[in-house]
Protein chains: 2
Amino acid sequence: MSGEVNIKRLAQELNISIATVSKALNDSYEISLKTKNRVWDLAKQLNYTPNPAASNLRSNKTKTIAVIIPFVANNFFSRAIKGIEEIARKYGHHVLIYQTHEDIEMEMSFTNSLLNGRVDGILTSVSSSEYNLDYYKNLVKKVPLVFFDRVYKDLDAYNVATDDYEISYDATVHLIECGCKKIAYLYGLENLPAGKARFSGFEDALQDNGLMVDDQLVIKYVEDEEQNLKQISDLLSQHQPDALFSSIEEFVIPAYTACKALKFQIPEDIKIISFSNQATAHLLNPSLTTITQPAFEIGREAATCLFKILNKKGHGDDQDIILKSTLIKRESTGC
Amino acid sequence: MSGEVNIKRLAQELNISIATVSKALNDSYEISLKTKNRVWDLAKQLNYTPNPAASNLRSNKTKTIAVIIPFVANNFFSRAIKGIEEIARKYGHHVLIYQTHEDIEMEMSFTNSLLNGRVDGILTSVSSSEYNLDYYKNLVKKVPLVFFDRVYKDLDAYNVATDDYEISYDATVHLIECGCKKIAYLYGLENLPAGKARFSGFEDALQDNGLMVDDQLVIKYVEDEEQNLKQISDLLSQHQPDALFSSIEEFVIPAYTACKALKFQIPEDIKIISFSNQATAHLLNPSLTTITQPAFEIGREAATCLFKILNKKGHGDDQDIILKSTLIKRESTGC
DNA sequence: CTGTTAGCGCATTCAG
DNA sequence: CTGAATGCGCTAACAG
């Protein structure tokens, strides 16, 4: 059976010791080039690949990292994964992906299942930053961990996130400059720093411009699609806002649908601005001003950060990395 | 350090042998309940979890499966992943995910990196069923493998797919029954059985109803967003079809955009039907008749099939599993 | 019922 | 420069 080609087999065929083969394969300085070449050639010829389990056991490294996220079917996360994969491949690592579906129990369950050395490190984007602070406080001591996007503030850990507050502030100012005075806010991620920061940015921008948040104009995201649609429809018909600030992409379609159903012309009657990582968002409606997060880059940064930790490069500098989002205005539509 | 809690440590603390601990942990019939309880209690107390690398090395099993797909950011695949994860968790397995981005080289590279026992089995959805038949013909002998959705016909392997031909036929008949006579076809996945089957179903349905495929009304998907939009726009303005049959979800937004730009009323001037796994597709436009694949179920089936193989349950019956898609008509809009 | 032993494949001492 | 020996943590014969 040629199926069982291991270091021992190579040693036998070449009439040298196992140790020599091992060293040769790892390009050790102790081995002559001639021997190395013999080993490398045969290895290639026999299609040798090291047994990962054995390496893992010996080295206590798995060449695998885990990514824990709420969903994969999400423009932000899927792009982030792409960035993570790119870096992981660069470092020769494999990527385990776990979807929590925003279920905190599952999040902990997955995480716990990784603590026995199945992975070298974890990239996580949590479902809530409130309910299990203690858990994570403890966890960061046990395993190399980087939070990305959905992070824990005030935790002694590495965070990679975006400038939610600033971009939200800017976006709001933009709406105000477009003449909007009655801006409704579609609130998402309310128990996460990102969600709170987005709202704060909105709030502060209003205040700094002599406006105020009207609670009646704030809607909170719920799981039920129809329910979200209804909430927005009711808001529109009862309060006639002149703009919608959507803090998460999930609100875009119901917002459009509601506007269309109620004959609100976009952007003439109502402006819409949304956090959105969908490249085709503007195709859907050219008047949609979007806040686009650097999802791919966040993935790359987070992974890079993790590998710095793994390689003991200390990472010296600050533990928080903040990347800038982009406000993509649609000038042609007057907003 | 309590970090190093292994079977040896348990044995020492309890003054019994390592073997006994191992058997107790695995609930062997050879061990007395009393001893088992002592072991289990201490294990829980010390938070013992077995070292996966050691188990892997010994048992030649990794409790890990790999999923190789073109993209994760795709409604079909992300749902399929959910199904796969569900089954994997049921069997206590972890899931490695690889995105090929339709790059065949990368597809092979990832696959090759898994052949050294890093995973127990592979679920794959290939990027092409033409260019590397030999590769896969060889591969299926080396590793437990299940193809799903994007499969290789005529290969001695397990396939899990959908009824592309039939549903495409039915959908076309539906359009014809709605009075459409000049149906344009937006062709995707052309080098995959699924894509070909969809087109054949369309073709045959036309023929069986006294119509014919007009090559001028067939557009093929390209990577470039703008290009797709242009293709459709040109088609619409030059040939004025009365329906669009979109064989992949990626065509939906450009199709809508083009129609809107050219003032084609949907569904009055032109009907649109599309393969689409987006739950919110009808929100986007209530007149969109969709062909929905059972993505989640495909994931479940494919994974179940793989575990049957892994558990040597032979799986006896046929190697091809075909699940039915659903044609969701929008009666309210007259089509 | 429990313990002794051997070995999975590899990497790393330490001798030569 | 090369090789013999050891052990990572766990499981599985085989003995007792």
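Chain letters run A, B, ... following the sequence lines, proteins first and then strands; every chain starts at 1. None of these values were measured; they are calculated from a predicted model.
- Both E30(B) and T49(B) lie near DNA chain D, and the one whose nearest nucleotide falls closer to the 5' end is T49(B).
- The stretch residues 53-63 of chain A touches DNA chain C through A54(A), S55(A), R58(A), each having a heavy atom under 4.0 angstrom from the strand.
- Distance I31(B) CD1 to dC1(C) P: 9 Å, rounded to the nearest Å.
- Among the nucleotides dG9(C), dG9(D), dA11(C), the one closest to any side-chain atom of N6(A) is dG9(C).
- Picking from dC1(D), dC14(D), dT12(C) the nucleotide with the shortest atom distance to the side chain of T35(A) gives dC1(D).
- The side chain of I16(A) has dG3(D) as its nearest neighbour among dG9(C), dT2(C), dG3(D).
- Residues V146(B) and C305(B) approach most closely at CG2-SG, 3.9 Å, considering heavy atoms.
- Look at K90(B) and E85(B) and you find no salt bridge, because none of the NZ, NE, NH1 or NH2 atoms lies under 4.0 Å from a carboxylate O.
- Note: CD1 (I7(A)) to P (dT6(D)) measures 18 Å, nearest angstrom.
- Atom P of nucleotide dG3(D) and atom CG of L10(A) are separated by 14 Å, given to the nearest angstrom.
- Between K8(A) atom NZ and dC8(C) atom C1' there is a gap of 10 Å when expressed in whole angstrom units.
- Rounded to an integer number of Å, the gap from CG of L14(B) to P of dG3(C) is 10 Å.
- Nucleic acid contact class of S32(B) (heavy atoms, under 4.0 Å, all strands): sugar-phosphate only.
- Side chain of S17(A), nearest nucleotide from dC10(C), dG3(C), dA4(D): dA4(D).
- Both Y29(B) and Y48(A) lie near DNA chain C, and the one whose nearest nucleotide falls closer to the 5' end is Y29(B).
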For residues 110-118 of chain A, run the donor-acceptor check on the side chains, cut-off 3.5 Å, and write out each pair with its distance to 0.1 Å, sequence neighbours left out.
residue	atom	partner	partner atom	Å
T111(A)	OG1	E107(A)	O	2.6
N112(A)	OD1	Y135(A)	OH	2.8
N112(A)	ND2	M108(A)	O	3.1
S113(A)	OG	F110(A)	O	2.6
N116(A)	OD1	R118(A)	N	3.3
R118(A)	NE	H94(B)	NE2	3.2
R118(A)	NH1	T62(B)	O	3.4
R118(A)	NH1	T64(B)	OG1	3.1

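- Salt-bridge formation is detected for the pair R9(B)/E13(B): a Lys NZ or Arg NE/NH1/NH2 atom is positioned less than 4.0 Å from an Asp or Glu carboxylate oxygen.
- For D27(B), the CG atom counts as densely surrounded, since its 6.0 Å shell holds more than 12 non-hydrogen atoms of other residues, nucleotides or ligands.
- Between D120(A) and K63(A) there is no salt bridge, since none of the side-chain N atoms of the basic residue sits less than 4.0 Å from a carboxylate O of the acidic one.
- Distance, R118(B) CZ to dC8(C) C1': 17 Å, rounded to whole Å.
- Classified by interplanar angle (parallel below 30°, tilted 30° to 60°, perpendicular above 60°), the ring pair H93(B)/F307(B) is perpendicular.
- N26(A) has its CG atom 17 Å from the P atom of dG9(C), to the nearest Å.
- The base of dG3(C) lies close enough to the side chain of K23(B) for a donor and an acceptor atom to sit less than 3.5 Å apart.
- Q12(B) places its CD atom 12 Å from the P atom of dG9(D), with the value rounded to the nearest Å.
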